[in-house]
Amino acid sequence: QVQLVESGGGSVQAGGSLRLSCVEAGDTQSDYCMGWFRQVPANEREGVAAIDSHGKITYADSVKGRFTISRDNAKNTVHLQMNSLKPEDTALYYCVTTPVFCTLNLTIVAGHPMTHWGQGTQVTVSS
């Protein structure tokens, strides 16, 4: 059993910063891809950033240059540093671990039976 616990969400003004963290507990797999997706009501969940166990990183075009993902394999933790936040970044952010190759494709990630999701943490950016 794997549990993902996110923290660090909140409300900020445009231009501000937040740092999300996610700790993986239970039957952890250090060779899994770890990442972040986000979702707003009525929209499909979208990939934000992902990092594999070797440090290879993928970002969505909408966050490149503003967000930085990092992971600590020894602590089974992944972080998302979000700078220069915009109102359109407002969403529920989900931590995810998956044994598939690191991708931001929701169909591929969600389709694997060993993919695990956190409960989500809300990020609200006001203009």
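The figures here come from the full heavy-atom set of this structure, side chains too, leaving out hydrogens, waters and symmetry mates.
A distance of 7.0 Å separates CZ of Arg71 from SG of Cys33, quoted to the nearest 0.5 Å. For the atom pair OG1 (Thr98) and CG (Asp52), the distance works out to 12.0 Å, reported to the nearest 0.5 Å. Here the CG-OG1 distance, from Asp72 to Thr77, works out to 6.0 Å after rounding to the nearest 0.5 Å. Between the CG atom in Leu104 and the CZ atom in Arg45 there is a gap of 14.0 Å [rounded to 0.5 Å]. A distance of 12.5 Å separates OH of Tyr94 from CD of Glu46, quoted to the nearest 0.5 Å.
Taking both residues in full, the closest heavy atoms of Ala60 and Gly47 are given as CB-O, 3.4 Å, listed atom of the first, atom of the second, then distance. Considering every non-hydrogen atom in both Ser126 and Pro87, the closest pair reads C-CG, 4.5 Å.
Among pairs with a residue in residues 101-114, none fulfils salt bridge (charged side-chain N to carboxylate O under 4.0 Å, His left out), at least two apart in sequence or across chains. Screening residues 81-92 for side chain to side chain donor-acceptor pair (under 3.5 Å) gives Ser17-Asn83, Arg38-Asp89, Arg66-Asp89, Gln81-Asn83 as the qualifying pairs, with residues at least two apart or on separate chains.
Alongside Val125, the hydrophobic cluster contains Val12, Leu18, Leu20, Met34, Trp36, Val48, Ile51, Ile57, Tyr59, Val63, Phe67, Ile69, Val78, Leu80, Met82, Leu85, Tyr93, Val123 (criterion: ILVMFWY side chains under 4.5 Å). Hydrophobic side-chain contacts under 4.5 Å tie Met114 into a cluster, directly or through other members, with Tyr32.
Residues Glu6 and Gln119 have side chains in contact (heavy-atom distance under 4.5 Å, counting atoms from C-beta outward). A heavy-atom distance below 4.5 Å is found between the side chains of His79 and Arg19. Between Thr97 and Leu4 there is a side-chain heavy-atom pair separated by less than 4.5 Å.
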Between Val109 and Thr103, does a side-chain contact (heavy atoms from CB on, under 4.5 Å) hold up when you go through it step by step? CA-CA 7 Å; Val109 173; Thr103 175; 3.7 Å; yes

Worked verdict on Thr115 versus Val96 for side-chain contact (heavy atoms from CB on, under 4.5 Å): CA-CA 7 Å; Thr115 290; Val96 62; 3.6 Å; yes

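For the ring pair (Phe, Tyr, Trp, His ring centres under 6.0 Å) test, residues two or more places apart in sequence or in another chain that qualify with Phe37 are Trp117. Take Lys75 and apply the salt bridge (charged side-chain N to carboxylate O under 4.0 Å, His left out) test, not counting sequence neighbours, and it matches no residue.
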